[in-house]
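By convention in this document, chain letters (A, B, ...) are assigned in the order of the sequence lines, proteins followed by strands, and residues within each chain are numbered from 1. Here the structure is a predicted model, which means the values were calculated and not measured.
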Amino acid sequence: MLPPAFYDRPTLDVARDLLGAVVVRGEVRLRIVEAEAYLPGDTAAHASRGRTPRNAPMWGPPGHAYVYLCYGIHHMLNLVTEPDGVPAAVLIRGCEVVGGHELVRARRGRGGLDLIGPGKVGQALGLDTSWSGAPLDGELHVVAGPPPAAVLTSPRVGIDYALPEHRDAPWRFRAAAEGSVVSCF
DNA sequence: ACAAGGATCCTCT
DNA sequence: GAGGATCCTTGTT
């Protein structure tokens with residue numbers, strides 16, 4: 001499984017390198033195909049408005065989860081990066097189911113196995129805010145996987161409130177679908 | 001103690 | 001393509 005040192009690096013590098021890796025909780029195994037970086041000093045990041053009980057894990061040691069509730073419904077999974085004391089994380093925005101299909105189907109209901117969208121990832125893993133701050137070395141962890149053949153970058157989603165230089169920064173990373181040409185952006 | 005809004009998803013038209 | 005769901009976190013009174 002990926003060690004804390006993997007996360008203890010510049011967040012943009014970690015976000016890109018997470019593509020192809022597999023998030024594991026029990027039977028459920030999800031290959032990461034889309035992620036966004038939230039950097040120190042980034043006005044799109046929760047951490048930019050100061051440390052609060054909710055976002056405290058972002059300041060914590062690397063290799064831990066930061067899970068929060070969005071729109072009262074969706075549990076978002078982030079992986080904390082950079083050294084202890086530096087607030088940064090990678091949001092897992094999209095995955096492919098590579099194990100535990102039945103459990104994912106049961107958790108997602110009619111939603112099926114499509115896991116493009118951070119809320120769907122949290123639901124497929126059965127996460128809630130009690131997982132926030134959990135180390136990624138136990139029931140929830142990440143293992144290495146084959147990297148994608150190509151990586152697409154684009155601006156991040158849903159952060160219109162951020163300063164333009166952060167709103168427009170290409171800090172969203174997506175694995176190019178196998179056999180596809182560059183498109184969809 | 002209160003009000004506002006959010007790193008979204010699903011359904012319906 | 002638009003709107004509602006849904007509730008916690010946060011900053012303010």
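For A/Tyr71 and C/dG4, the shortest distance from a side-chain N or O to OP1 or OP2 is not below 4.0 Å. The phosphate of B/dT8 has OP1 or OP2 within less than 4.0 Å of a side-chain N or O from A/Arg93.
The distance from atom NE2 of A/His75 to atom P of C/dT9 is 10 Å, rounded to the nearest whole Å. Rounded to whole Å, atom P of B/dG6 lies 11 Å from atom CZ of A/Arg54. Counting to the nearest Å, the P atom of B/dA7 and the CG atom of A/Leu39 are 16 Å from each other. When rounded to the nearest whole Å, the span between OH of A/Tyr68 and P of C/dT10 equals 12 Å. The CE-C1' distance, from A/Met76 to B/dG6, rounds to 9 Å in whole Å. Residue A/Leu77 contributes atom CG, which lies 13 Å from atom P of B/dC9 at whole-angstrom precision. Spacing between atom NE2 of A/His74 and atom P of C/dC7 amounts to 12 Å, rounded to whole angstrom units. In this entry the distance linking CD1 of A/Ile159 with P of B/dT8 reads 9 Å, nearest Å.
Under the 6.0 Å distance and 45° angle rule, A/Arg172 does not count as a cation-pi partner of A/Tyr38. The cationic atom of A/Arg9 (NZ for Lys, CZ for Arg) does not lie both less than 6.0 Å from the six-membered ring centre of A/Tyr7 and within 45° of the ring axis.
Within the nucleic acid shown, A/Ile73 comes within 4.0 Å of at least one base atom, counting heavy atoms only. Among the atoms of the strands shown, none is found under 4.0 Å from any heavy atom of A/Arg156.
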Nucleotides 10-12 of chain B: which of its N/O atoms have a protein N/O under 3.5 Å away?
residue: B/dC10; atom: OP1; partner: A/Arg108; partner atom: NH1; Å: 3.0
residue: B/dC10; atom: OP1; partner: A/Arg108; partner atom: NH2; Å: 3.2
residue: B/dT11; atom: OP1; partner: A/Arg110; partner atom: NH2; Å: 2.3

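For the 3.5 Å distance criterion, the side chains of A/Arg107 and A/Gln123 fail to qualify, holding no donor opposite an acceptor.
The closest donor-acceptor contact from the side chain of A/Asp114 to the backbone of A/Ile116 lies under 3.5 Å. In terms of modelled atom types and a separation under 3.5 Å, the side chain of A/Asn55 and the main chain of A/Thr52 share a donor-acceptor contact. Under the 3.5 Å distance criterion, the side-chain polar atoms of A/Glu36 are left unmatched by any main-chain donor or acceptor of A/Phe173.
A side-chain contact (heavy atoms from CB on, under 4.5 Å) with A/Leu125 holds for exactly one of A/His75, A/Lys120, A/Arg25; it is A/Arg25.
Mapped onto DNA chain C by nearest heavy atom, A/Gly50 and A/Leu69 fall at different nucleotides, with A/Leu69 at the one closer to the 5' end.
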Can you give the dot-bracket line for DNA chain B, where a pair is Watson-Crick or G-U wobble with both atom distances under 3.5 Å, crossing pairs use [ ], and | marks a partner on another strand? ||||||.|||||.
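For A/Glu102, the CD atom sits in a loose shell: 12 or fewer heavy atoms of surrounding residues, nucleotides or ligands are nearer than 6.0 Å.
Side chain A/His46 to base B/dA7: a donor-acceptor pair is found below 3.5 Å.
Relative to the side chain of A/Tyr66, the nucleotides B/dA7, B/dT8, C/dT10 differ in distance, and B/dA7 lies closest.
Taken to the nearest 0.5 Å, the CG atom of A/Leu18 stands 5.5 Å off from the CD1 atom of A/Ile92.
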Before you tell me yes or no, could you show the steps for A/Arg156 and A/Asp168 under salt bridge (charged side-chain N to carboxylate O under 4.0 Å, His left out), namely the whole-Å CA-CA distance, both residues' side-chain angles and the distance that decides it to 0.1 Å? CA-CA 7 Å; A/Arg156 294 169 294 176; A/Asp168 302 332; over 6 Å; no
